[in-house]
Amino acid sequence: MTDDAAILRRLTEVLESRKQADPQTSYVAKLYHGGADAILKKIGEEATEVVLAAKGDDPKHVVYEMADLWFHSMVLLASMNLQVADVLAELDRRFGLSGIAEKAARVQQK
């Protein structure tokens, strides 16, 4: 069994280090160099691949594509100087809240 938090910490460290890397030699640096549009395009592609994998009813393929989606989502977070901990804190905040009530509160805030 792997330590989930350790994996996320290691990946976060790698993504941070790639901010200084050469886009010619690092895929992540190339995404950073392309800016938000490049990263968002990749997230859109990966989200679509998750949907297609799920429609194909192949659990291993879903896991593979979900890993790509999480990875690229973490690239986006890092590019915005956010961390997985920020997302986890938001998920933790939502525990015990009705999903319907939480969404209604967000709509009222807009």
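Since this is a predicted model, take the numbers as computed values, not measurements. Quick note: residue numbers are just sequence positions, from 1.
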| field | Interatomic spacing from CD in Gln83 to CD in Glu16 - rounded to 0.5 Å | value | 7.0 Å
| task | Quick one: which residue pairs count as a salt bridge (Lys or Arg N to Asp or Glu O under 4.0 Å) with a foot in residues 62-91, not counting sequence neighbours? | result | Glu90-Arg93, Glu90-Arg94
| Are Leu97 and Val87 in one and the same hydrophobic cluster, where Ile, Leu, Val, Met, Phe, Trp and Tyr link if side-chain heavy atoms are under 4.5 Å apart? | no
| message | Hydrophobic clustering (ILVMFWY, side-chain heavy atoms < 4.5 Å, transitive) - are Leu52 and Val63 grouped together? | response | no
| message | Does Asp22 have more than 12 heavy atoms from other residues, nucleotides or ligands lying within 6.0 Å of its CG? | response | yes
| request: Please indicate whether Leu91 has more than 12 foreign heavy atoms, meaning atoms of other residues, nucleotides or ligands, lying under 6.0 Å from its CG. | output: yes
| said: side chain to side chain contact (heavy atoms under 4.5 Å, CB included), that's the test. Do Lys19 and Asn81 meet it? Break it down for me. | reply: CA-CA 11 Å; Lys19 288 181 177 180; Asn81 296 313; 2.9 Å; yes
| query | To the nearest 0.5 Å, how far apart are CG in Asp57 and NZ in Lys55? | reply | 10.5 Å
| query | Among Leu77, Leu31, Val28, which one satisfies side-chain contact (heavy atoms from CB on, under 4.5 Å) with Ile39? | reply | Leu31
| request: Go through the steps for Met74 and Leu8 under the test side chain to side chain contact (heavy atoms under 4.5 Å, CB included), then give the verdict. | output: CA-CA 9 Å; Met74 288 181 67; Leu8 293 174; 3.9 Å; yes
| For Leu69 and Ile43, which heavy atoms make the closest approach, and how far apart are they? | CD1-O, 3.8 Å
| message | Show, in sequence, the C-alpha distance, side-chain angles and deciding distance for Trp70 and Val75, and conclude whether the side chain to side chain contact (heavy atoms under 4.5 Å, CB included) test is met. | response | CA-CA 9 Å; Trp70 283 17; Val75 170; over 6 Å; no
| message | Quick check: closest heavy atoms across Ala21 and Ser26, and the distance to 0.1 Å? | response | CB-CB, 3.8 Å
| query | Which pairs with one or both residues in residues 36-46 pass salt bridge (Lys or Arg N to Asp or Glu O under 4.0 Å), sequence neighbours excluded? | reply | Lys42-Glu45, Lys42-Glu46
| field | Minimum heavy-atom distance Tyr32-Leu15, with the two atoms named | value | OH-O, 2.9 Å
| request: Could you tell me which residues satisfy side chain to side chain donor-acceptor pair (under 3.5 Å) with Tyr27, sequence neighbours excluded, listed by chain and number? | output: His72
